[in-house]
Amino acid sequence: MLDWKWVRDNREIIITALKNRNTEFDLDELFSLDDQRRSLQQEADLLKQKRNEESKKIGFLKKEGKDTEDLMKNVQNIAEQIKIIDDKLKATEDEWKEKQLWIPNIPHETVPIGQDESCNRVVRSWGKPREFDFEPRPHWDIGEGLDILDFERGSKIAASRFTVLKGLGARLERAIMNFMLDLHTQQHGYQEIFPPFLVNSKAMTGTGQLPKFAEELYKCQDDLYLIPTAEVPVTNYHADEILPDEILPLYYTSYTACFRREAGSYGKDVRGLIRQHQFNKVELVKFVAPETSYDELEKLLANAEEVLKALQLPYRVVALCSGDLGFSSAKTYDIEVWIPSQKTYREISSCSNFEDFQARRANIRYRNKAGKIGFVHTLNGSGLAIGRTAVAILENYQQENGTVVIPDVLRPYMQGLELITPQYRVI
RNA sequence: GGAGAGGUGGCUGAGUGGACGAAAGCGCUCGCCUGGAGAGCGAGUAGGCAGGUGUAGAACUUGUCUCGUGGGUUCAAAUCCCACCCUCUCCGCCA
């Protein structure tokens, strides 16, 4: 959500921003709702003032034992008028607020302008893709060969885009998770959070998944939704709070499973682990003072990159252009890891500064040293997507005979094991 | 799921229809005192929305709303009624 008073004074900036984002939006309707709302409130406030004054008079007169019949009738009259205006005001206000939830964030001035991902800008690359002296196989072949990934049974017990990890596959997933959490908590100063995997609609609205992206979410009963990312519970952790200045910046890291319907991506990445309805992710979330948020974004990005460096996986960092930017984000860097079988870089992390967009929706504020209250800036980024990290490891560390070398930093998490080989086969 | 108790400001906690955005204490801020950010003394200390003044988004000011949330009763609701949410205790169920 944007600062409405600012929106009122900066129409042109919003219109340009919406265009750069390829978003259609009827702002005029919002402005007229706002006008209505303000004049109704003024009307209502005036009547309420009158009612309150007269009502007090009745109190005094009654104590003196005087007749208040006429006055009471009069106030009753005013109260009826108030009710009518208040109802109108509430309806107008509700509509005005609801409509605002559909306006995306304004891209930061450093975001490249462009229609789609072709305009994204490569910021830097790290590591050299390995030269294979054989044709690198896709991870699903490797995984099935080692009997550590079972796609067929995943579909059988759930649906397509669900996978069973087995034996060393499950162990690898757990190793990656623990390695990442240890790195972020012990080296990068993040506090670990293990949140609920179901959240209510208020939380989903707070971070911007609702109302616009309802069809992307799995909805359960009782107003609960499966989280698509830890960003939702962890950012909303401080919803409706005023944080004291001295505890900022707050750094949280959180492992969660993530659940996404992936509606509208029917043809994409149908094979393998790249696009699943359920996947694991270690997330980084920050709450910071506004003036520091772009520095904090760079640091957060560096923290995520550190994981890939430690794993010795080649990657590049891409600054998303305005047309490719997520709804709530003011600026996003994607980290893309090299996938040998596809001979391309694929997204493995997305690091964003939301500025005060989410903070406004979720009402997350802070009090500075002078005692003044303002909205914090929120940031988050994957640190990293675990499934996709496993994909990158399987493919980049594969050997011609189908085994996979375990990256050095993961070996302590796999009881010293150096190589993934077929262990045993039940069937 | 059943029974009971409860939800008040940064915190503790008083308040059962009218002068209550709300006692008292703690905490915090400022001032006095002091060698001293210790003790003592004094003052201040919620947020949202709308309007006005303006060194125009600093400050000041007026009104209004907010005592878990939403309705209702009443001239008037923290206070009475209804529904829901949450917390605690006991029972049931479960891991």
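All chains are named by letter (A, B, ...) in the order of the sequence lines, taking the proteins before the strands, and each is independently numbered beginning at 1.
Atom name C1', nucleotides B/G54 and B/G21: the rounded distance is 27 Å, in whole Å. Comparing B/C67 with B/G7, their C1' atoms sit 10 Å apart, to the nearest whole Å. Taking the C1' atoms as reference points, B/U64 lies 27 Å from B/C82, given to the whole Å. Distance noted for atom P between B/C30 and B/C90: 46 Å (whole Å). If you take atom P in B/G71 and the same atom in B/G13, they sit 30 Å apart, rounded to whole Å. Atom name P, nucleotides B/G10 and B/A3: the rounded distance is 35 Å, in whole Å. Comparing B/C20 with B/A77, their C1' atoms sit 11 Å apart, to the nearest whole Å. Nucleotides B/G36 and B/A46 place their C1' atoms 34 Å apart, quoted to the nearest Å.
In this entry the distance linking CH2 of A/W4 with P of B/A50 reads 11 Å, nearest Å. We find that CD1 of A/I85 is positioned 15 Å from P of B/U64, with the value rounded to whole Å. For the pair A/D245 CG and B/U29 P, the interatomic distance rounds to 13 Å; values are reported in whole Å. Atom CD of A/Q36 is separated from atom P of B/C49 by 20 Å (rounded to the nearest Å). Atom CD in A/Q76 sits roughly 12 Å away from atom C1' in B/A76 (whole-Å rounding). A/D223 has its CG atom 14 Å from the C1' atom of B/C86, to the nearest Å. The separation between A/M1 atom CE and B/G48 atom P is 13 Å, rounded to whole Å. As a whole-Å value, the separation of A/L89 CG from B/G63 P is 19 Å.
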For A/E395 and A/H139: C-alpha separation, side-chain torsions, deciding distance, then whether side chain to side chain donor-acceptor pair (under 3.5 Å) applies. CA-CA 6 Å; A/E395 294 208 7; A/H139 65 278; 3.1 Å; yes
Would A/N200 and A/Y225 satisfy side chain to side chain donor-acceptor pair (under 3.5 Å), going step by step from the backbone distance to the final call? CA-CA 6 Å; A/N200 57 34; A/Y225 297 78; over 6 Å; no
If you apply the rule side chain to side chain donor-acceptor pair (under 3.5 Å), what do you find for A/N105 with A/E355, and how did you get there? CA-CA 9 Å; A/N105 204 354; A/E355 298 186 358; 5.2 Å; no
What's the verdict on side chain to side chain donor-acceptor pair (under 3.5 Å) for A/E231 and A/Q358, showing C-alpha distance, side-chain angles and the deciding distance? CA-CA 11 Å; A/E231 161 192 352; A/Q358 294 181 325; 2.8 Å; yes
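Here the side chain of A/A79 is nearest to one of B/A46, B/A76, B/C49, namely B/A76. Set against B/G51, B/G18, B/G47, the side chain of A/Q42 has B/G51 as its closest nucleotide.
Between A/I373 and A/A44, the residue anchored closer to the 5' end of RNA chain B is A/I373, taking for each the nucleotide with the nearest heavy atom.
As judged by a 4.0 angstrom heavy-atom cut-off over every strand, A/K83 is placed among residues touching the sugar-phosphate backbone only. Nucleic acid contact class of A/K202 (heavy atoms, under 4.0 Å, all strands): none.
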At a cut-off of 3.5 Å, list every protein nitrogen or oxygen paired with a nitrogen or oxygen from nucleotides 56-59 of chain B, distance to 0.1 Å.
unit_1 : atom_1 : unit_2 : atom_2 : d
B/G57  : O6     : A/D9   : OD2    : 3.2
B/A58  : OP1    : A/K372 : NZ     : 3.2

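Here A/F354 and A/F327 keep their ring centres 6.0 angstrom or further from each other.
Residue A/R367 places no side-chain N or O under 4.0 Å from the OP1 or OP2 atom of B/A46.
Ring geometry for A/Y251 versus A/Y190: interplanar angle of 30 to 60°, hence tilted.
Checking A/T229 against A/K281 by side-chain atom types alone, a donor-acceptor pair falls below 3.5 Å.
Every residue meeting the side chain to side chain contact (heavy atoms under 4.5 Å, CB included) condition with A/Q191, not counting sequence neighbours, appears here in chain and number order: A/Y252.
Note on residues 157-181 of chain A: pairs passing ring pair (Phe, Tyr, Trp, His ring centres under 6.0 Å), not counting sequence neighbours, are A/F162-A/H277. Sorted by first and then second residue, the ring pair (Phe, Tyr, Trp, His ring centres under 6.0 Å) pairs involving residues 87-118 of chain A (not counting sequence neighbours) are A/W4-A/W96, A/H108-A/Y294.
Cation-pi contact between A/R11 and A/F31: present, with separation from the ring centre below 6.0 Å and deviation from the ring axis of at most 45°.
For RNA chain B, runs of at least 3 consecutive pairs of the Watson-Crick or G-U wobble type, with both hydrogen-bonding distances under 3.5 angstrom, map to B:1-7 with B:85-91, B:10-12 with B:24-26, B:27-32 with B:40-45, B:46-53 with B:59-66, B:68-72 with B:80-84.
Under the 3.5 Å distance criterion, the side-chain polar atoms of A/D324 are left unmatched by any main-chain donor or acceptor of A/L320. When atom types are taken as modelled, the side chain of A/R361 and the backbone of A/L101 share a donor-acceptor pair closer than 3.5 angstrom.
RNA chain B lies under 4.0 Å from at least one heavy atom of each of the following residues of residues 45-58 of chain A: A/D45, A/K48, A/Q49, A/R51, A/N52, A/S55, A/I58.
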